[in-house]
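Okay, so here's the structure we're looking at.
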Amino acid sequence: MSGTSGAGGTSGTSVTSGTSGVEGARRTAEGLDHSPGFGNEHSSEAVPGALPHGRNSPQRAPLGLYAEQLSGSAFTEPRAVGRRSWLYRIRPSAAHPPFVRVDNGGLRGAPFTETVPDPNRLRWNPLPEPAPGTDFLAGLWTLGGNGDAARRVGMAIHLYSANAPMTDRVFSDADGELLIVPERGGLLIRTELGLLAARPGQVALVPRGVRFRVELLDATARGYVCENYGRPFVLPDLGPIGANGLANARDFLAPVAAYEDVERPVEVVNKFCGNLWAATYDHSPLDVVAWHGNHVPYVYDLRRFNVIGSISYDHPDPSIFTVLTSPSDTPGLAGVDFVVFAPRWLVGEDTFRPPYFHRNVMSEYMGLIEGAYDAKTAGEGGFVPGGGSLHNMMSAHGPDRKTFERASAAELRPQRVDDGLAFMFETRWPVTATGQAAGAAHLQQGYDDVWQGLERHFRP
């Protein structure tokens, strides 16, 4: 796909409804254009003249298209937090048959009532390999979450494992926005507003209600998903840091318009109040020829995160690594934060450099994209890419015994930490594990043992 800058915004093109497997998806991904800037008022047209000027809904939309507004916030919310996009499409979204309930597979939604919240520290190995023919949607597996999807509060943690593209199938989530964190294998994400490619080390953010289909850039794909039921993710305030630092708005890339003009059966699956509903359309709903607005998907490269850290002593609180935050009704208390532990230098003097021992009023789920995390032992039975740990509120955690002993005796030279990429979903409420997660074969037994052997050193 190619695009140029025009009077109507960034232009894209039409796209075919599918590609010839992994190689076709890769070729498509290599040619993508983007419109940069988180929270911007973007605009894009795949055909010149498709965007109306001077009004959003003219009596006759250009080129015989239908005008449709997609609202990600209530009409009367403050302008600063309002989310909406105007879409100009071949067929209106209203033209569809009834939705019917379909099997949820491994996907679950809040409230999570299968188990009780667990104060114990939990850690999982990566998901088992999926059965052949498993696409992104079929490969979603819910670990847990909190809140209530119907009340638009809280979050859910999912994992995915896939080895096939979504073919003639489209997904949307009415419950929340989806932050997709690839760990193995890249994804080509075809959305109503255009195409994005997300590879390990990058994340993709798909807003509430935006329809999309996922194809694979490699033979298999695996990763994590944060489903945010609450207020949409925003960049955190910088406070005393100043005007620059952490994630830069310009590094978030929105797609340019690219539409499918397909007339054949397409299954459209909608997640609504925790359950999956499906309808078979006689066309692809990814038929938006032009659009403008700020309710848009993004892709972001985590290695562009501008790390702020201590250059004197002590390990800063992990909040300094926040990429995105979903604010709540209490200032500073997030419904969910997305935090990344990106490559950085450690130079603290007379300082225990790994994360400190800690009990937190927030609950923390940590995943590993690649390499090793500096507070945990890697390898079989440890904290490995594709795995994850859950430390619910006030659950005591911190460096394991081997890490503590090594860091306590280390020579404090400047140290480059670039052998791993880890992240955290941090949330204001306890995370309740689903029944399938609490009883999973890949739930590690004896996780507590990593802190055994921390000896008494006190000598009064």
* Decide salt bridge (Lys or Arg N to Asp or Glu O under 4.0 Å) for Glu77 and Arg83; before the verdict, give the C-alpha distance in whole Å, the side-chain angles of both, and the deciding distance to 0.1 Å. => CA-CA 9 Å; Glu77 288 190 57; Arg83 300 286 183 95; over 6 Å; no
* What do the steps show when you test Arg303 against Glu370 for salt bridge (Lys or Arg N to Asp or Glu O under 4.0 Å), and what is the final call? -> CA-CA 12 Å; Arg303 288 183 173 81; Glu370 64 180 38; 2.4 Å; yes
* Carefully, step by step, assess Asp317 and Ile320 under the rule side-chain contact (heavy atoms from CB on, under 4.5 Å). => CA-CA 6 Å; Asp317 293 334; Ile320 205 72; over 6 Å; no
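Between His292 and His42, the gap from one ring centroid to the other reaches at least 6.0 Å.
Applying the side-chain hydrogen bond (donor to acceptor under 3.5 Å, both in side chains) rule to Asn306 yields no partners; only residues at least two apart in sequence or on another chain are considered. Residues passing the side chain to side chain contact (heavy atoms under 4.5 Å, CB included) test with Pro240: none are found, sequence neighbours excluded. Taking the side-chain hydrogen bond (donor to acceptor under 3.5 Å, both in side chains) definition, one finds that Ser161 meets it with nothing, sequence neighbours left out. Under the side-chain hydrogen bond (donor to acceptor under 3.5 Å, both in side chains) criterion, Asp148 pairs with no residue, sequence neighbours left out. Under the rule for a side-chain hydrogen bond (donor to acceptor under 3.5 Å, both in side chains), His295 has no partner lying at least two apart in sequence or in another chain. Applying the salt bridge (charged side-chain N to carboxylate O under 4.0 Å, His left out) rule to Arg208 yields no partners; only residues at least two apart in sequence or on another chain are considered. In this structure Asp448 satisfies the salt bridge (charged side-chain N to carboxylate O under 4.0 Å, His left out) test together with Arg121, sequence neighbours excluded. For Ala149, the side chain to side chain contact (heavy atoms under 4.5 Å, CB included) partners two or more places apart in sequence, or in a different chain, are Asp175, Tyr229.
In this structure, Trp141 and His442 have tilted ring planes: the angle between them lies in the 30° to 60° band. Ring orientation note: the planes of Phe425 and Phe423 are tilted relative to one another, at an angle of 30° to 60°. Between His315 and Tyr356, the ring planes are perpendicular. Angles over 60° get that label, and only those under 30° would be called parallel.
Within the structure, the side chain to side chain donor-acceptor pair (under 3.5 Å) test picks out no pair touching residues 430-441 (sequence neighbours left out). Residues in residues 154-202 take part in these ring pair (Phe, Tyr, Trp, His ring centres under 6.0 Å) pairs, two or more places apart or across chains: Phe136-Tyr160, Phe171-Phe212.
Contact check for Thr191 versus Arg211: no side-chain heavy atoms found under the 4.5 Å cut-off.
The CG atom of Asn228 lies 4.0 Å from the OG atom of Ser326; values are rounded to the nearest 0.5 Å. The distance from the CG atom of Leu286 to the CZ atom of Arg190 is 8.5 Å, given to the nearest 0.5 Å.
Ser363 and Asn392 share a donor-acceptor pair across their side chains, judged by distance under 3.5 Å alone. Gln444 and Asn125 share a donor-acceptor pair across their side chains, judged by distance under 3.5 Å alone.
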Throw together a table of side-chain donor-acceptor distances under 3.5 angstrom for residues 451-460, partners on residues two or more places apart or in other chains.
unit_1: Trp451; atom_1: NE1; unit_2: Gly398; atom_2: O; d: 3.1
unit_1: Trp451; atom_1: NE1; unit_2: Pro399; atom_2: O; d: 3.2
unit_1: Arg456; atom_1: NE; unit_2: Phe458; atom_2: O; d: 3.3

Side chains of residues 333-342: which donor-acceptor partners sit under 3.5 Å, not counting sequence neighbours?
unit_1: Asp337; atom_1: OD1; unit_2: Thr325; atom_2: OG1; d: 2.5

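Cation-pi contact between Arg344 and Phe305: absent, since separation from the ring centre below 6.0 Å together with deviation from the ring axis within 45° is not met.
The residues Asp218 and Arg26 are annotated as salt-bridged, a charged nitrogen and a carboxylate oxygen being separated by less than 4.0 angstrom.
Using modelled atom types, no side-chain atom of Thr134 and backbone atom of Pro130 make a donor-acceptor pair closer than 3.5 Å.
Smallest separation of non-hydrogen atoms from Leu217 and Ala29: CD2-CB, 3.9 Å.
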